[in-house]
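All remarks here apply to the structure that follows.
Quick caveat: nothing in here was measured; it's all calculated off a predicted structure.
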There are 2 protein chains.
Amino acid sequence: MYGCGMSLTHALLGLLAVQPRSGYELTKAFETDLGRYAWQAGHTSIYPELGKLAERGLVEVTAEGARGSKTYTVTDAGRAELRTWLMAPPTGQGKVRNEQVLRMFMLSALDPADAVVVLERIAESTAQQADVLRAIREDAGPVEPGPEGFGQLAAEYGLRQFEAVHSWAQWAIEQLTAPART
Amino acid sequence: MYGCGMSLTHALLGLLAVQPRSGYELTKAFETDLGRYAWQAGHTSIYPELGKLAERGLVEVTAEGARGSKTYTVTDAGRAELRTWLMAPPTGQGKVRNEQVLRMFMLSALDPADAVVVLERIAESTAQQADVLRAIREDAGPVEPGPEGFGQLAAEYGLRQFEAVHSWAQWAIEQLTAPART
DNA sequence: TTTCGACATGTCGAGTTTGACATGTATGGT
DNA sequence: ACCATACATGTCAAACTCGACATGTCGAAA
């Protein structure tokens, strides 16, 4: 009945479940952690999708502000839909598409010397990004349930992700630079 | 000039750089680690893309076997294109789309009790998947450069990924079940 | 010998995504 | 007063994705 691009639908519902926002604010949200690790979307997908969501009664416009801005709020039906999606048992595999990871997978196609150069860049960049997130974590207090905790769970996820990739890159460099076997 | 869906192009080039394969074999490759962590693609994208790649002179058909199978081999131009892409400095952010990660980001929109249920499922499933990869690692020897090492780098990446998500999920459960603040 | 499943390639249409284009408003600096 | 910038929403065409459909081969077991 509906297409299977349900992920944007639920990303929007999830964001609005935390707090009502305008399309513009939602667009900004996709430019931070969310878009970096989980799901990308530009305003050209978001505005039409909000329209469809409103038609289906999952969200509604609860305020119109300056410059024609419209604040959307999730309805009870929207919350129910979001919960159903989140609580549903994982169906094998979800869609995965990550250009950075693809680059890592393709590394073996390079001369080992070139691969090491790329891996060193990865190691450096992940270390830096992890440092940034560690600094952010120090500034924040303990995680609280609800809206406040939203960014903290994500930040911690990102941090552990970067640490894992960093240690993997170092391991890979070691493997490639180890003395060749007899 | 060309669309920006360059990632499938390079995924195919990378796979063929390791060894010549048919479209069918390439399709199979996308069903394993590659498709699980890095980039998904079905045969309906792969066959047309191979045609375009051949037109651009990046790959060529070097053998035709039983049942109409065509074996593609990467050309020097294709190798050069792949190297350029891999060695290019990361352009801000690549495309990211991961439904599982999106679910994790949306968890804060749930009651803490529901969130813990989902997190426990994640912790269990990542632990299992990590075990599978650890078993595979034990069976393989040390990593060698070249085609043989291809899958091992990927498997190790996946393993560290699962371990990171597992430990994150456990941390998140602790945060959510910790005694509420005063 | 016939039938089943894995091998192997392909097209098509409906839906999704994306960059380019278009429009207009409020704010702050000069 | 003017200008740049951030705010804010939207359309459109081109490209891309993906499931459904279509076709045919080869080997092995029943």
Side-chain angles (χ1 to χ4, degrees), chain A residues 1-12 15-16 20-32 34-35 38-56 59 61-72 91-99 102, chain B residues 1-12 15 20-32 35 38-56 59 61-72 91-99 102:
Chain A
M1 182 164 183
Y2 293 108
C4 3
M6 302 295 278
S7 296
L8 177 56
T9 302
H10 294 114
L12 256 16
L15 251 16
L16 292 177
R21 296 178 220 227
S22 66
Y24 187 81
E25 288 168 319
L26 289 165
T27 302
K28 292 288 165 197
F30 278 96
E31 284 165 12
T32 60
L34 180 64
W39 204 266
Q40 274 186 192
H43 79 278
T44 57
S45 327
I46 294 168
Y47 289 123
E49 184 66 27
L50 283 170
K52 285 182 210 164
L53 251 24
E55 249 177 67
R56 289 172 59 189
V59 303
V61 176
T62 47
E64 307 207 11
R67 279 169 283 204
S69 82
K70 289 186 267 184
T71 301
Y72 289 87
T91 59
Q93 300 304 320
K95 291 146 226 165
V96 172
R97 216 146 252 212
N98 189 319
E99 195 173 327
L102 177 60
Chain B
M1 182 165 183
Y2 294 109
C4 0
M6 301 296 277
S7 296
L8 177 57
T9 302
H10 294 113
L12 255 17
L15 251 15
R21 296 176 220 229
S22 66
Y24 187 82
E25 288 169 320
L26 288 165
T27 301
K28 292 288 164 197
F30 278 96
E31 284 165 12
T32 60
W39 204 267
Q40 273 186 194
H43 79 279
T44 56
S45 327
I46 293 168
Y47 289 123
E49 183 67 26
L50 283 170
K52 287 182 208 163
L53 252 24
E55 250 177 66
R56 289 172 60 188
V59 303
V61 177
T62 48
E64 306 206 11
R67 280 169 282 206
S69 83
K70 288 186 268 185
T71 300
Y72 289 88
T91 60
Q93 300 306 320
K95 291 147 227 162
V96 173
R97 217 145 254 211
N98 189 318
E99 197 173 326
L102 178 60

Candidates C:dT25, C:dC7, D:dT11 - which lies nearest the side chain of B:Lys28: C:dC7
Among D:dG24, C:dA20, D:dT17, the one nearest B:Leu8 by side-chain distance: D:dT17
N or O in side chain of B:Arg97 less than 4.0 angstrom from D:dC16 OP1/OP2: no
Taking every non-hydrogen atom, the tightest pair across B:Pro48 and B:Ser45: CD-O, 3.5 Å
Distance test, side-chain N/O of A:Lys70 to OP1/OP2 of D:dG10, below 4.0 Å: yes
Sugar-phosphate, base or nothing in reach of A:Gly68, heavy atoms under 4.0 Å: sugar-phosphate
Below 4.0 Å: OP1/OP2 of D:dT9 and any side-chain N or O of A:Tyr24: no
Atom pair distance, as rounded to whole Å: CD1 in B:Ile46 and C1' in D:dC18: 12 Å
Atom-to-atom span, CD of A:Glu25 to C1' of D:dT9 - whole angstrom: 13 Å
Which atom of A:Lys95 lies closest to which atom of B:Gln40, heavy atoms considered: CA-OE1, 3.4 Å
Residue pair A:Phe30 / A:Ile46: nearest heavy atoms and the distance that separates them: CD1-CD1, 3.6 Å
Sugar-phosphate, base or nothing in reach of B:Gly23, heavy atoms under 4.0 Å: sugar-phosphate
Distance below 4.0 Å between A:Lys95 side-chain N/O and C:dT17 OP1 or OP2: no
Whole angstrom value for the distance that separates C1' of D:dT11 from CD of A:Glu49: 16 Å
Among D:dC26, D:dC18, C:dT9, the nucleotide that comes nearest once only the side chain of B:Gln40 is considered: D:dC18
A:Tyr47 OH to D:dC12 P, straight-line distance once rounded to whole Å: 17 Å
Heavy-atom pair of closest approach, residues A:Thr62 and A:Tyr72: OG1-C, 4.4 Å
Rounded interatomic separation in angstrom, taking NZ from A:Lys52 and C1' from D:dG10: 14 Å
Reported OG-to-CG distance for the pair B:Ser7 and B:Leu12, which is rounded to 0.5 angstrom: 11.5 Å
Sugar-phosphate, base or nothing in reach of B:Ser22, heavy atoms under 4.0 Å: sugar-phosphate
Nearest-nucleotide 5' precedence on DNA chain D, A:Thr44 against A:Ala66: A:Ala66
Spacing of B:Leu53 atom CG relative to D:dC16 atom C1', expressed in whole Å: 16 Å
Along DNA chain C (nearest heavy atom to each residue), the more 5'-positioned of A:Arg67 and A:Trp39: A:Trp39
Interatomic distance where CD belongs to A:Glu31 and P belongs to D:dA8 [whole Å]: 13 Å
Spacing between B:His43 atom NE2 and D:dA22 atom C1', to the nearest angstrom: 10 Å
